[in-house]
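Here the structure comes first, spelled out in structure tokens, and everything after it is commentary.
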Amino acid sequence: MAELMVRDGTWTFDDEVVRIVPGRERGVHKLRQDLGEFTVPLAAMAGIAYEPARKGGRLRLRLRDGADPLLQVTGGGLPDEASPYQVAVDAARVDVAEYFVDAVRQALMLEQIPDGPVDRYLLPGPSVPLSAAGVDGIASFDGERVQLEWRWNTSETKRHWGPRDFALADLEAVEWRAAAGLESGYLRFRTRGTTERFAPENDPNSIELWGFKKESGTTALLAAAVAARLPHPSAGPDKSLTPGTPATAALAPPAPEASARPAGAGSTAAADDHDALLRRLRELGELRREGILTEEEFTATKAAVLQRFHTTG
């Protein structure tokens with residue numbers, strides 16, 4: 001096990017997950033403290049690096065695109081001090097940070113974790129309920145519904161619409177943008193079938209954001225909590241499980257007739273089958289680590305996959 005304890009927090013790696021506990025000292029960004037303790041599975045990691053500086057340095061964990069709803073919804077808009085995936089390292093902990101990097105990189109190599117994008121979230125997102133204040137309104141989310149209430153200084157357009165209430169089924173997406181220069185940021189809830197786009201100060205489905213004060217980071221957490229419960233933007237209609245379908249059924253090996261190849265495919269077909277089965281084994285391991293599959297389900301489905309190796313070899 002590798003463990004790094006610094007003022008910004010504590011990172012622990014046990015060969016399967018990185019556990020991140022934010023520091024509680026003054027100077028640690030409120031977003032990180034509000035997010036609290038969480039774990040990053042190995043399957044969600046794309047890489048890790050230690051960046052040396054004159055006094056100590058910085059440890060950065062890089063996630064695969066689309067793995068984390070917080071990074072997905074903020075689109076790189078979080079300032080460095082608010083990012084939960086980096087931590088300042090003092091000079092006395094440099095050796096520990098370098099050992100931590102080596103341990104994670106070795107595990108990624110041994111498990112053959114790809115660093116490409118994913119089409120489902122591998123982290124659950126922030127805990128709910130959440131409430132977040134913007135310039136002209138307050139948003140709240142309880143895991144099922146989003147509510148917007150307006151402040152005294154909101155525009156007449158928003159006042160005309162009154163308080164807003166959305167079920168998750170009403171929403172197509174959630175958007176978050178930090179303010180840039182003189183342009184306001186926003187937390188916007190895009191409803192299904194809506195094509196009109198208004199400026200944040202007049203959009204009845206959004207609250208306006210100015211700057212990135214420590215308090216306003218909660219709007220990013222709320223956006224991530226909603227995004228985590230909506231369909232992944234990269235998932236096609238065939239990527240999600242049919243309601244009531246066990247995860248083991250979705251990952252079960254294809255029936256022999258479904259793997260039929262045109263005459264002459266020969267060794268290419270066999271190689272393709274083996275690659276697909278290897279990917280399926282890695283997916284099974286990910287689902288077991290995430291607690292989606294029980295040990296019994298994992299063992300049974302893994303045995304079925306291994307049996308397919310004998311029929312395609």
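For clarity, every value in this text was computed on a predicted model and none was experimentally measured.
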Say whether Leu209 and Phe198 are linked into one hydrophobic cluster, either directly or through other cluster members, by side-chain heavy-atom distances under 4.5 angstrom.
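They do not share one cluster, since no chain of ILVMFWY contacts under 4.5 Å joins Leu209 to Phe198.
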
Treating Ile, Leu, Val, Met, Phe, Trp and Tyr as nodes and any side-chain heavy-atom pair under 4.5 angstrom as an edge, say whether Met5 and Val89 lie in one connected cluster.
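Per the 4.5 Å side-chain linkage, Met5 and Val89 are not co-clustered.
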
Does any non-hydrogen side-chain atom of [Y] lie less than 4.5 Å from one of [X]?
X      : Y      : value
Pro52  : Val94  : no
Ser184 : Val135 : no
Val40  : Val17  : no
Glu3   : Thr12  : yes
Arg229 : Phe141 : yes
Leu35  : Ile20  : no
Val128 : Asp142 : no
Met45  : Ile113 : no

Ionic contact status for [Y] with [X], cut-off 4.0 Å:
X      : Y      : result
Glu208 : Lys158 : no
Arg58  : Glu51  : no
Arg60  : Asp80  : yes
Asp90  : Arg7   : no

Determine the sole option in Ile48, Leu4, Val96, Leu61 for which the side chain to side chain contact (heavy atoms under 4.5 Å, CB included) test with Val101 is passed.
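Of the listed residues Ile48, Leu4, Val96, Leu61, the side chain to side chain contact (heavy atoms under 4.5 Å, CB included) partner of Val101 is Ile48.
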
Which heavy atom in [X] sits nearest to a heavy atom in [Y], and how many Å separate them?
X      : Y      : answer
Arg93  : Val6   : CG-CG1, 4.0 Å
Leu123 : Ala44  : CD1-CB, 3.8 Å
Trp176 : Ala220 : NE1-N, 3.5 Å

Take the angle between the ring planes of Phe13 and Phe100 and call it parallel below 30°, perpendicular above 60°, tilted in between.
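Tilted: the ring planes of Phe13 and Phe100 meet at 30° to 60°.
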
More than 12 heavy atoms of other groups within 6.0 Å of [X] [atom1]:
X      : atom1 : value
Phe166 : CZ    : yes
Glu172 : CD    : yes
Gln33  : CD    : yes

Can Lys30 and Thr218 be said to form a side-chain contact (heavy atoms from CB on, under 4.5 Å), step by step?
CA-CA 8 Å; Lys30 190 173 185 295; Thr218 314; 4.1 Å; yes

Single hit among Arg188, Arg190, Arg197, Arg177 for salt bridge (charged side-chain N to carboxylate O under 4.0 Å, His left out) with Asp203
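When Arg188, Arg190, Arg197, Arg177 are each tested with Asp203, the salt bridge (charged side-chain N to carboxylate O under 4.0 Å, His left out) holds only for Arg188.
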
For Arg64 and Ala43, indicate whether the former's side chain and the latter's backbone hold a donor-acceptor pair under 3.5 Å.
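Such a contact is found between Arg64 side chain and Ala43 backbone.
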
Given 3.5 Å as the limit, does a donor-acceptor pair link the side chain of Asp170 with the main chain of Ala167, or not?
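Yes: the side chain of Asp170 pairs with the backbone of Ala167.
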
